[in-house]
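Numbered from 1 within each chain, the chains take letters A, B, ... in sequence-line order. Since this is a predicted model, take the numbers as computed values, not measurements.
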Amino acid sequence: MKGSEILIKALEAEGVDTIFGYPGGAIMPVYDALYDSQLKHILVRHEQAAALAADAYARVTGKVGVCLATSGPGATNLITGIANAFLDSVPMVAITGQVPAAYIGTDAFQEVDIFGISMPVVKHSFLVRRIEDLADTVAKAFKIARSGRPGPVLIDLPKNITVADLPNPQFNGNQVELLSRGEAKQLATARAMIQEAKKPLVYAGGGVRIAGATEELRAFVEACGMPCVTTLHGIGSIQGDHELCLGMLGMHGTRAANMAVQECDLLIAVGARFDDRVTGKLAEFAPHARVVHMDGDPCEVSKMRAADCGIVGDIKVSLNFLHAELEIDEWVSTCMQRKEQFQFKYDAPGELVYAPSFLKELSDRSKGEENTIVSCDVGQHQMWVAQHVSFDMPNNHLTSGGLGTMGFGLPAAIGAQLASPESRVVCVSGDGSFMMNVQELATIKRYNLPIKIVLFDNSALGMVRQWQELFFEKRYSEVDLSDNPDFAKVADAFGIPSFRVEKRSEVSDAITRILTEEGPLFVHVIIDTAANVWPLVPPGKNNSEMLEEATV
Amino acid sequence: MRFTLDVTMANTEGALERLLGRLRQRNFTVCGLNANTSANFARMDVKVTVESTKAIELAIKQLNKLIDVAGVEIRAAEEHHPAHHQQARPHVQHHPERKHVTSFEPHPSFQSFELTTSQIGL
Ligand SMILES: Cc1ncc(C[n+]2csc(CCOP(=O)(O)OP(=O)(O)O)c2C)c(N)n1
Ligand SMILES: [Mg+2]
């Protein structure tokens, strides 16, 4: 059997059915084998999009995402997408063609050391030297990608391997290694701490989704009756409209969430990593709290903030050991009262579309039978999605949290729609981010994916503009995009129906079209260039120093 | 503090690079290294001395996370003596990331490689 056929068989043995890629010289033997295979190959129009789509496909399906590229520029184009998966702990296998082994190290045409280039942003990597190792390497790569804390694994595949022949190759699909629950002693300590606490608070992160522990988290929060805040990636792990959910904490978090964190006497971090966007000034974060830190990755516990009790192991199992009956009515009602008091307001003056209201209405009206997945890009619109769209499941909110990759939204929507054809997929993008992977409109058209794209056009790199306004004395440097192309025409040129929304009065009808039209749709929404994301904790400040629009 | 670690790892492609890269990126400066493969090349035994203001447990956890690493043990710990240290190698303490560049006197023959801006056409 040819090496290229062994690769395809090995992928099939891992249960792969869809891969994202782009062909080229060194990977041609694999594309030749794909020609006869049952694997569904999605041709993107830039390798970065292949990696980002595979990333979203993995988030939605819970399986390992697979992307494929040729050597040299194909491989380097994957890097941003691989790094995105690395920083958000998404299981992925990236396969790159490489020049034949005899040419490695000779600066051959399209030779780059992708094994070396990718090293800091992969969980592990392989360069296949012998065809005998190929099937086993693929199995190992999948196992590593999805076990423990998931992440991307790179397989660099020299062309001489894919064209070589091996009689009777062996395929041993691999089993996932399971994490065990935390140690009994630590669990007992944590339970005692929970029982003693007067103002306990759960701080849930992306690790909840990764561990598949959404139900367990909800059961724990409800059994203890304690309030819960989430990180950007924790959104949806507890239902956005759950009464004990205080919303997102951190830089653009809710006032109720940040105040609860600053006041609590016990912080139970569940699959969260005390990221700087969450903590603000670390030394003043949750200053009165003892910390219980639960994570699958031992490296996270006490990395940023010393834990009084660290529980390393499977969150899904550990959480069940921590249920307790608490008498914390006073604390809970303080939190609830603030949640009520500091609700988001949607009464912004003016005729222009107010993006938070648009998203709130979209969120409210999309509740129903159909599952809705929202992917977003990076910037102000990303924060508005986090703040104003209510999510019931973490997999329905696709956002580039760790790397903050502008250009994530469109490829992510493609990966999500292919992963879940029956879901409604909405991509919320910004005029800056959209241009980073605009070519993927062609992919949407080719596969006729019914993705709804909402582009919030503020004629600016809005998030950067906001920072320049607030922290760089309004010295607006290279953030003006007022010469944007006519985006609706761009979408039309790709064969995607489009329309423009300029006034508040048009929003309702626009949302109706988004919710009811069958195929892909592009909605170009003009918003105020001066709009900012509120509230905001200035960089380097502690989370109780939140700025509101009126205070600036 | 300065620590010497004994690391036992599988000698796979890139294993030593991964180890060094991980230490560097997590802010542990390598100040000594000895690495030997076993006779059949399957295993690599590494003795590495690192210096950092970070707790050594962070380095150990990070190394243990590498797929190739089978075990990490502390072989020696040494208190960092800034005064003595500074005398021996003046720039190590203040500019760890630039220490070699700044503390080496270039060999006289290197000077012939110095280009003026006019030579390179600026
Ligand atoms: C690839 C990449 N380059 C640069 C940045 C820095 N950055 C963060 S937000 C932002 C502006 C995004 O503009 P837009 O997509 O229009 O979103 P808006 O903030 O206006 O909603 C920039 C440049 C980034 N996150 N990613
Ligand atoms: Mg913008």
Practice problem: Would you mind checking which part of A/Leu127 comes under 4.5 Å of any heavy atom in chain B, side chain (CB onward), backbone (N, CA, C, O), both or neither? | Solution: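 Both parts, backbone and side chain.
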Quiz item: In Å and rounded to the nearest 0.5 Å, what is the SG to CG distance from A/Cys299 to B/Leu58?
Solution: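 A/Cys299 SG to B/Leu58 CG: 8.0 Å, rounded to 0.5 Å.
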Quiz prompt | Gap separating the CD1 atom of B/Ile67 from the NZ atom of A/Lys123, nearest 0.5 angstrom | solution =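 Spacing of CD1 (B/Ile67) from NZ (A/Lys123) equals 5.5 Å.
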Quiz item: Would a 4.5 Å heavy-atom cut-off, applied to side chains only, mark A/Phe115 and B/Glu13 as touching?
Solution: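 In short, these two side chains touch, coming nearer than 4.5 Å.
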Self-check item: Close side-chain approach of A/Arg149 to B/Lys65, heavy-atom, < 4.5 Å
Solution: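 Yes, at least one pair of side-chain atoms sits under 4.5 Å.
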Exercise. Inspect the surroundings of CZ in B/Phe3 and state if more than 12 heavy atoms from other residues, nucleotides or ligands are less than 6.0 Å away.
Key: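 Counting other residues, nucleotides and ligands, CZ of B/Phe3 exceeds 12 neighbours.
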Quiz prompt | Crowding at CD, A/Glu284 (>12 non-hydrogen neighbours, <6.0 Å) | solution =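 Check passes, neighbour count above 12.
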Quiz item: What part of B/Gln25 is in contact with chain A, defined as an atom under 4.5 angstrom from a non-hydrogen atom: side chain, backbone, both or neither?
Solution: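 The answer is neither part of B/Gln25.
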Quiz item: Yes or no on side-chain contact (heavy atoms from CB on, under 4.5 Å) for B/Arg18 and A/Ser125, after CA distance, side-chain angles and deciding distance?
Solution: CA-CA 10 Å; B/Arg18 271 192 277 271; A/Ser125 45; 3.1 Å; yes
Exercise. State, to 0.1 Å, how close A/Met119 and B/Gly14 come at their nearest heavy-atom pair, and which atoms those are.
Key: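 So the two residues come closest at CE-O, 4.0 Å.
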Exercise. Carefully, step by step, assess B/Asp68 and A/His124 under the rule side-chain contact (heavy atoms from CB on, under 4.5 Å).
Key: CA-CA 9 Å; B/Asp68 310 311; A/His124 195 64; 3.2 Å; yes
